[in-house]
Amino acid sequence: MSERLIRLLRIIILIQSSPGITAKELADRCETTPRTIYRDLELLSAAQVPITNEGYGKGYEYIGNFSFYPIDWTEQEAVAFGMLPNVIEQMTHLFPPDFYSAYEKVMATHQKEKKELQDVLQKMVSIIQMGTPAFQEEQNNFLSPVIDSILNSRTIEVVYHTQSRDVTTSRALDPYYLIPRDHRFYLIAFCHEKQKVLTFRMSRFLQVNQTDQTFDMKDFNLKKYFKDTWSIIQGKDKIHFKVLFNKEVARYIKEEELFVSPRLTENKDGSLLFEVTLNHDREFMQWLMQYGMDAEILEPVEYRAKMKEMLTKWMSVYESK
């Protein structure tokens, strides 16, 4: 959902900068499908963002004077522009009297843009309903400051609880991406302490503060980072699974929204051969178990034995009582 939120903000910006832009063009710019864009536009309409379409092939634009402006002004550019009066202080004779009034209007516009963007961001975040971990009485919702820091390339200072080691640490992070996995959010960020990109579970943040320090993602590639990863747990293995799904569930498997690209082969009897290469096994095995006897591991053979062992232990829990 957080990926969608960032995409929604991008759609708003693209429609303003290119009135008449089509769903296909929006899909190309957002690296998604036109079908996804149509769903996003429906959500924006429900949120009362005044977007209109004049008919097939004519694209989208805003009704009235709705806009964000100046659209491509970064915070660094705003700081640089704010220093302009000091830079030209010794050259006032070179500028007409109207220069300073124009300067004030531009700066006022920038401040208005920041406020409007924050208002939209808050409205979008309010649409996202997050669950509360069982061990917490109240959910700490840091989506808004994290998304704002991603959009503005700002380093954040956080207090984070690492569940596996049961320790709480303070660290500086450069937030790159916010992604949904298994009904929860994870932040992909460069950790200044570890000097590498790591994955952080959002519900384990105890505190988040935005700093004035900016960062550059450089050549970081999210698809490469999650290459061959089923969901969130990453490993160093290279496991090629072959699973046979029977015809009763084959159509549902085709609809699964996955983070990897499996090879699907339809058989004459309606069953489906599912092949995928993964770097870790646990999350995939857990996913398979929901399909019970409708899914059969064909390869690797050791995972057939592993599944059998898991099911035997599971059955013994109920037989012993």
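We number each residue from 1, following the sequence as shown. The figures that follow rest on heavy atoms only: side chains count, while hydrogens, waters and symmetry mates do not.
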Hydrophobic cluster membership, Val317 vs Met307, 4.5 Å side-chain cutoff:
yes

Separation of Ile297 CD1 from Tyr303 OH (nearest 0.5 Å):
9.0 Å

Looking only at heavy atoms, what is the nearest atom pair of Gly270 and Ala250, with distance?
O-CB, 3.5 Å

Rounded to the nearest 0.5 Å, how far does OG of Ser261 lie from CD of Glu275?
13.5 Å

Apply salt bridge (Lys or Arg N to Asp or Glu O under 4.0 Å) to residues Asp228 and Lys238 and explain how you reach the verdict.
CA-CA 8 Å; Asp228 297 334; Lys238 203 79 171 176; 3.0 Å; yes

With side chains defined as the heavy atoms from C-beta onward, is the minimum distance between Leu258 and Pro262 less than 4.5 Å?
yes

If you round to the nearest 0.5 Å, how far is CD1 of Ile232 from CD1 of Ile188?
5.0 Å

d(Leu222 CG, Met217 CE) to nearest 0.5 Å is 9.0 Å

Measure centre to centre between the rings of Phe245 and Tyr291, then say whether the value is under 6.0 Å.
yes

Under 6.0 Å from the CD atom of Glu31, do we count more than 12 heavy atoms belonging to anything else shown?
no

Which atoms form the tightest heavy-atom contact between Ile239 and His280, and what is the distance?
CD1-C, 4.4 Å

Hey, does the side chain of Asn221 reach the backbone of Lys223 with a donor-acceptor pair shorter than 3.5 angstrom?
yes

Please confirm whether Trp287 and Phe274 have ring centers closer than 6.0 angstrom.
yes

Main-chain N/O of Trp230 paired with Glu283 side-chain donor or acceptor, under 3.5 Å
no

Non-hydrogen atoms of Leu187 and Met202 that approach each other most closely
CB-SD, 4.3 Å

So does Lys306 pair up with Asp281, basic N to acidic O under 4.0 Å?
yes

Can you hop from Leu298 to Leu272 via hydrophobic side chains spaced under 4.5 Å?
no

Any idea which heavy atoms bring Ala27 and Thr33 closest together, and the distance?
CB-C, 3.6 Å

Step-by-step ring pair (Phe, Tyr, Trp, His ring centres under 6.0 Å) determination, Phe226 to Phe259
CA-CA 8 Å; Phe226 275 120; Phe259 306 112; 7.9 Å; no

Specify the closest pair of heavy atoms between Glu25 and Gly20, including all atoms of both residues, with the distance to one decimal.
OE1-O, 4.4 Å

Check Glu296 with Arg304, please: is the shortest side-chain N to carboxylate O separation under 4.0 Å?
yes

Same hydrophobic cluster for Met289 and Leu278, using side-chain heavy-atom links shorter than 4.5 Å among ILVMFWY?
yes

Could you tell me whether Tyr252 atom OH has more than 12 heavy atoms of other residues or ligands within 6.0 Å of it?
no

Donor-acceptor contact below 3.5 Å, side chain Ser149 vs main chain Pro145
yes

Taking atom types as modelled, find out whether Asn279 and Asp237 have a side-chain donor-acceptor pair closer than 3.5 angstrom.
no

Heavy-atom nearest pair, Arg171 first then Cys191, reads NH1-SG, 3.6 Å

The reported gap from CD in Glu193 to OG in Ser170 (rounded to nearest 0.5 angstrom) is 9.5 Å

Within this structure, what is the CZ-CG distance for the pair Phe190 and Asp216, rounded to the nearest 0.5 Å?
12.0 Å

Taking transitive links into account, so neighbours of neighbours count too, which hydrophobic residues share a cluster with Met293 at under 4.5 Å side-chain distance?
none

Answer yes if the ring centres of Tyr176 and Phe215 are under 6.0 angstrom apart, and no otherwise.
yes

Does Asp212, at its CG atom, have more than 12 non-hydrogen atoms belonging to other residues, nucleotides or ligands within less than 6.0 Å?
no

Side chains of Thr155 and Thr214 in contact at under 4.5 Å (non-hydrogen atoms):
no

Main-chain N/O of Ser144 paired with Asp148 side-chain donor or acceptor, under 3.5 Å:
no

Got a donor-acceptor contact below 3.5 angstrom from the Gln234 side chain to the Tyr225 backbone?
yes

Determine whether the aromatic ring centres of residues Phe200 and Tyr160 are separated by less than 6.0 angstrom.
yes

Donor + acceptor pair across side chains of Thr211, Glu157 (<3.5 Å):
no

Note, Arg35 side chain near Arg39 side chain (heavy atom, < 4.5 Å):
yes

If we count only N and O atoms by modelled type, under 3.5 Å, do the side chains of Ser271 and Asn246 hold a donor and an acceptor together?
no

Could you check whether atom CD of Glu266 has more than 12 heavy atoms from other residues, nucleotides or ligands sitting under 6.0 Å from it?
no

